[in-house]
Amino acid sequence: MRQGLRVVILGGGPGGYEAALVAAQLGARTQLIEARGIGGSAVLTDVVPSKTLIATAEWLTTTEQAHELGITVGDGEQVAHVDLGAVNGRVRHLAEEQSSDLTARMAEKGIEVIDGRGSLGTLDAEGVRTVHVTGDHGGERGAERELLADVVLVSTGARPRVLPGAAPDGRRILTWTQLYDLDELPEHLVVVGSGVTGTEFAGAYLALGSRVTLVSSRDRVLPTVDADAATLVEEGFRRRGMEVLSGARARAARVVEEGTDDEHVEVTLADGRVVTGSHCLMAVGAVPATDGIGLTEAGVGLTESGHVRVDRVSRTTAYRVYAAGDCTGVLPLASVAAMQGRIAMRHALGDAVAPLAVETVAQAVFTVPEIASIGITEAEAATGEYDAVSTTVPLARNPRAKMLGLNEGFIKLFSQRRTGEVLGGVVVGTRASEQILAVTLAVTHRLTVEQVMNAFSVYPSLSGTLTEAARQLHVR
Ligand SMILES: Cc1cc2nc3c(=O)[nH]c(=O)nc-3n(C[C@H](O)[C@H](O)[C@H](O)COP(=O)(O)OP(=O)(O)OC[C@H]3O[C@@H](n4cnc5c(N)ncnc54)[C@H](O)[C@@H]3O)c2cc1C
Ligand SMILES: NC(=O)c1ccc[n+]([C@@H]2O[C@H](COP(=O)([O-])OP(=O)(O)OC[C@H]3O[C@@H](n4cnc5c(N)ncnc54)[C@H](O)[C@@H]3O)[C@@H](O)[C@H]2O)c1
């Protein structure tokens, strides 16, 4: 292992801070440059805040069902309502606390955290690269500093995409990063975009009590997940009163009657229809934060979309420059960013490393019900390439689900016809994000359905449906 190398990391999200921890552990002198706060967007504006907000929404959804379990509150009227100011206060507090914990951990491990914005400079004849920092370090606003690096990691993340003609004003037209400043529940939230971000927020605000209209450019929400799972979520939305406009593309959004009591938002669709609401959330994707930091000049290859080109050990096309996370566009997930960052440092510092295996990445959509998936999708199974068979077992017949009053959801398992190897799975239901780990273990370690079905599941438990699915596939 190469001890004592100088590692400089740009960006303190999961890609950056996880890399810094590995670099320090492997004996590198590690400097982490971060413009806003350790934890990055993942902790400050994206994962932690959204999942904290969703936790409140989930509690409210559960209380809606209380009467089915024999609970009556007061005179039976709905008593639960949301103080969004308090909810968002908790969200911001949790995010800041998490960022502080991470900052303390960096200090504990001897990692130097530098406040500011980093950019790549030149490479000298000895292979040492200069990294420029502009920012508040040392209390001097706008101060410049130059660092010397044997290894550089770029993990600068991404930012919300802005549609021309629908510029967020931070008050009524919002990106997901601006939602947490709201003190009052939007009376009518129009959500533009039905990817994971738009769908999660639409579901959460519906549960919190807002009227919600979801502008979905596709024929169904969540185009990247299996159709049966996405349809179940969409049907649930409609049943709970959400208006889902399918095949609807937003062209513009603007605030009208500004300053009056009738101030509201108008969203114009490509077909000329106009949707009105009190607020609008733009969730139309993200763009990588790779501009203006000297990447092209340093020889770092970018894709057409501006993402950094990397291989499976996070190398870019430039000498000893690695990249991790959303700036690479590999799979924009915190877990993947962290893994790419760790792999980069192990590779750069000469430790043994297994390349990134995207086919073993588990992911979840935090809606009601949750959707978690791993491995091949229904569409991939249908190509015939994997010789896959599948089974879908509804959760409604699971005894634990009945006791808990859960009647939505299913577990779907894919396996290889000949060998019985588990190729993937989808869990739709309460805490699907927790239940998917068993399927992930099976896919990662190439277990067969026979091995899965021979594992004991607790009786009664939701995971009993997984062993049932494995039994069904075994006899095929
Ligand atoms: C609403 C929402 C919810 C999400 N929920 C989940 C989820 O539940 N689970 C999941 O796995 N993923 C989730 N994601 C995706 C996840 O947030 C990202 O994949 C993750 O944040 C990527 O981490 P990163 O390290 O690449 O970048 P980021 O977390 O974006 O951090 C990058 C950091 O780099 C800093 N930076 C940028 N440029 C510079 C520079 N020049 N110098 C210094 N610092 C710089 C930025 O200030 C930022 O703090 C969600 C995304 C969104 C939008
Ligand atoms: N739970 C999680 O893990 C989680 C949560 C949120 C985001 N993420 C990550 O972030 C990534 C990005 O997700 P996202 O939802 O932010 O972006 P996305 O790019 O996946 O989805 C944006 C959606 O907006 C639609 N769209 C674009 N322009 C539009 C317009 N003018 N009108 C209507 N719709 C329009 C697109 O067709 C697309 O479906 C995901 O792939 C996921 O990896 C993860």
Side-chain angles (χ1 to χ4, degrees), residues 8-19 32-51 53-54 99 114-120 131-135 153-161 163-166 175-177 179 191-201 214-218 221-225 245 247-253 267 269-270 281-295 323-338 340-341 361-367 370-372 433:
V8 174
I9 299 171
L10 277 69
Y17 73 73
E18 286 290 340
L32 176 57
I33 311 165
E34 168 53 56
R36 281 181 309 167
I38 299 299
S41 307
V43 168
L44 295 169
T45 55
D46 297 359
V47 189
V48 172
S50 66
K51 263 79 259 183
L53 180 90
I54 286 169
S99 178
I114 302 170
D115 283 347
R117 240 180 91 76
S119 60
L120 300 199
V131 175
H132 305 286
V133 190
T134 315
L153 177 79
V154 180
S155 49
T156 47
R159 52 176 175 266
R161 189 163 81 86
L163 274 191
T175 68
W176 62 80
T177 66
L179 282 172
V191 178
V192 177
S194 63
V196 187
T197 301
T199 303
E200 284 187 350
F201 280 117
L214 178 57
V215 177
S216 173
S217 59
R218 314 293 178 97
V221 302
L222 299 170
T224 55
V225 311
L245 303 174
R249 238 188 143 68
R251 205 179 53 210
V267 178
L269 306 185
L281 167 65
M282 298 301 298
V284 292
V287 290
T290 53
D291 48 330
I293 53 171
L295 293 181
D326 283 10
C327 68
T328 70
V330 169
L331 246 185
L333 291 172
S335 53
V336 174
Q340 284 179 299
V361 176
Q363 43 194 315
V365 184
F366 293 84
T367 39
E370 289 181 2
I371 302 173
S433 51

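In listed order, ligands and their atoms are each counted from 1. Position 1 is the first residue of the sequence, and the numbers go up from there.
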Side chain, backbone, both or neither: [X] near ligand 1, heavy atoms under 4.0 Å:
| X | result |
| --- | --- |
| A289 | neither |
| S50 | side chain |
| K51 | side chain |
| D46 | both |

Problem set entry | ligand 2 N/O within reach of L333 N/O, cut-off under 3.5 Å |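 No, L333 has no N/O under 3.5 Å of an N/O on ligand 2.
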Exercise. Does the N or O separation between G198 and ligand 2 drop below 3.5 Å for any pair?
Worked result: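 Between G198 and ligand 2 (N or O atoms, distance only) the closest approach is not under 3.5 Å.
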What is the closest protein heavy atom to [atom], and at what distance does it sit?
| atom | value |
| --- | --- |
| atom 46 (C) of ligand 1 | E34 OE2, 3.6 Å |
| atom 16 (C) of ligand 1 | V47 CG2, 3.7 Å |
| atom 37 (C) of ligand 1 | T156 O, 3.2 Å |
| atom 23 (O) of ligand 1 | P14 CD, 3.4 Å |
| atom 15 (C) of ligand 1 | P332 O, 3.4 Å |
| atom 19 (O) of ligand 2 | G285 CA, 3.6 Å |
| atom 6 (C) of ligand 2 | T197 OG1, 3.3 Å |
| atom 21 (O) of ligand 1 | A42 CB, 3.2 Å |

Exercise. Would you say G15 has any N or O atom under 3.5 Å from an N or O of ligand 1, going by distance alone?
Worked result: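 Yes, at least one N or O pair falls under 3.5 Å.
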Exercise. What about W176: any of its N or O atoms under 3.5 Å from an N or O on ligand 1?
Worked result: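 Between W176 and ligand 1, no N or O pair is found under 3.5 Å apart.
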State the atoms of ligand 2, each with its element, that fall below the 4.0 Å cut-off from a heavy-atom position in [X].
| X | answer |
| --- | --- |
| F366 | 1 (N) |
| R218 | 37 (O) |
| L163 | 31 (N) |
| V192 | 32 (N), 33 (C) |

Problem set entry | Any G116 heavy atom less than 4.0 Å to ligand 1 |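 Contact check G116 vs ligand 1: positive.
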Exercise. Can F366 be said to touch ligand 1, with heavy atoms closer than 4.0 Å?
Worked result: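 The answer is yes: ligand 1 sits under 4.0 Å from a heavy atom of F366.
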Exercise. What closest approach, in Å, do L153 and G16 show between heavy atoms, and which atom pair accounts for it?
Worked result: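 Minimum heavy-atom separation between L153 and G16: CD2-CA, 4.3 Å.
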For this session: Kindly indicate whether atom 12 (C) of ligand 2 is approached by any protein heavy atom to under 4.0 angstrom.
Result: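 So atom 12 (C) of ligand 2 lacks protein heavy-atom neighbours under 4.0 Å.
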Could a heavy atom of [X] be found less than 4.0 Å from some atom of ligand 2?
| X | result |
| --- | --- |
| S216 | no |
| E200 | yes |
| R251 | no |
| P332 | yes |

Exercise. With V47, which residues qualify under side chain to side chain contact (heavy atoms under 4.5 Å, CB included), at least two apart?
Worked result: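 So V47 forms a side chain to side chain contact (heavy atoms under 4.5 Å, CB included) with A42, K51, A334.
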For this session: Could you tell me whether E370 approaches ligand 2 through its side chain, its backbone, both or neither, with non-hydrogen atoms closer than 4.0 Å?
Result: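 No part of E370 comes within reach of ligand 2.
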Exercise. What part of A283 sits under 4.0 Å from ligand 2 if we count only heavy atoms: the side chain, the backbone, both or neither?
Worked result: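 It is the backbone that gets close, since no side chain atom is under 4.0 Å.
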Exercise. For R251, which residues count as a salt bridge (charged side-chain N to carboxylate O under 4.0 Å, His left out) partner, sequence neighbours excluded?
Worked result: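 With sequence neighbours excluded, R251 shows a salt bridge (charged side-chain N to carboxylate O under 4.0 Å, His left out) to no residue whatsoever.
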Exercise. Checking T328 side chain against A324 main chain: does a donor-acceptor pair fall under 3.5 Å?
Worked result: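 Not confirmed, T328 side chain does not pair with A324 backbone.
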